[in-house]
Amino acid sequence: MGKSTEYYRNNAAARKKKAATDKKVNSRPEQVKKRVESNAARRKAKAAGKNIKGKDYDHAVGKFVKTKTNRGRAGEGGRKKKR
């Protein structure tokens, strides 16, 4: 179990606050759009018979990549911004 998981299990007030924050973030139009796009790509890939187990749809690259790769990138949204 991760450190944050343990923390939120032991602190009900913090867990409630985090849930409220997560709800706000996940209801943003851009987040909803990403989720819809990801789900559609997932359905399409499964219908085509591709093995996407353990992979996430990467919105920037436009294809499925390992979860570890997709979530482990630095910067907001997984990427550093161009200057």
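Being a predicted model, the structure only gives us computed values, none of them experimental.
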Counterpart residues, side-chain contact (heavy atoms from CB on, under 4.5 Å), relative to Glu6 (two or more places apart): Met1, Asn10
Kindly list each side-chain donor-acceptor pair under 3.5 angstrom involving residues 12-20, sequence neighbours excluded, with atom names and distances?
{"from": "Arg15", "atom 1": "NH1", "to": "Tyr8", "atom 2": "O", "distance (Å)": "2.6"}
{"from": "Arg15", "atom 1": "NH1", "to": "Arg9", "atom 2": "O", "distance (Å)": "3.3"}
{"from": "Lys18", "atom 1": "NZ", "to": "Asp22", "atom 2": "OD2", "distance (Å)": "2.8"}

Would you name the heavy atoms of Gly54 and Thr67 that are closest together and state the gap between them? O-OG1, 2.9 Å
Where Ile52 and Ala45 come nearest, the two heavy atoms and their spacing: CG2-CB, 4.0 Å
For the OG atom of Ser38 and the NZ atom of Lys33, what is their distance to the nearest 0.5 Å? 13.5 Å
Apart from Val65 itself, what residues make up its hydrophobic cluster, given side-chain heavy atom links below 4.5 Å? none
Return the NZ to NZ distance between Lys55 and Lys68, rounded to the nearest 0.5 Å. 14.5 Å
Mind checking ring-ring contact (aromatic ring centres under 6.0 Å, His included) for Phe64 and listing every partner two or more places apart, or none if nothing turns up? Tyr57
Between the CD atom in Glu30 and the NE2 atom in His59, the distance rounded to the nearest 0.5 Å is 12.0 Å
Taken in chain and number order and not counting sequence neighbours, the residues that satisfy side chain to side chain donor-acceptor pair (under 3.5 Å) with Arg71 are Asp56
According to salt bridge (charged side-chain N to carboxylate O under 4.0 Å, His left out), does anything in residues 35-49 pair up with another residue at least two apart or in another chain? List the pairs. none
